[in-house]
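These notes are about the structure you will find just below.
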Amino acid sequence: MKKSYKTTEKWWLGLTVLFYALYNMPGFPVYGDANAALWHGALTIIPLWIIVYGGMAILHKQRRLRKRPDQSLQAADSVNTDDPISKGGI
């Protein structure tokens with residue numbers, strides 16, 4: 001059984017690399033052409049942002065990180081404050 005998050009990760013990585021390569025294509029747009037630069041940014045940077053952040057959101061839904069029990073607020077309150085954190089010597 002193939003896990004769905006592996007397929008999602010492959011598509012996410014592939015699309016990210018593709019749009020990053022398209023954005024960094026040398027010589028395009030022509031230097032000094034503002035209209036071409038705006039179109040180039042709209043067709044590469046905006047999809048790249050959507051792919052990166054949308055992919056992270058989808059992968060986070062598929063593979064949530066587990067909460068460790070020692071990270072709770074009760075564990076933070078029970079820290080022994082009598083012991084110095086560092087001796088600090090020269």
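Note that the structure is a prediction, hence the values are computed from the model and not measured. All residue numbers refer to positions in the sequence shown, counting from 1.
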In one Ile/Leu/Val/Met/Phe/Trp/Tyr side-chain cluster, 4.5 Å: Val30, Leu22: no
Close side-chain approach of Arg63 to Lys6, heavy-atom, < 4.5 Å: no
Scan the side chains in residues 35-56 for donor-acceptor partners under 3.5 Å anywhere in the protein, sequence neighbours excluded, and list what turns up.
| from | atom 1 | to | atom 2 | distance (Å) |
| --- | --- | --- | --- | --- |
| His40 | NE2 | Tyr23 | O | 3.1 |
| Thr44 | OG1 | His40 | O | 2.5 |

Set of residues satisfying side chain to side chain donor-acceptor pair (under 3.5 Å) with respect to Thr8, sequence neighbours excluded: Gln62
ILVMFWY network linking Met25 to Leu18, side-chain heavy atoms under 4.5 angstrom: yes
Hydrophobic cluster of Ile58, others only, ordered by chain and residue number, side-chain cut-off 4.5 Å: none
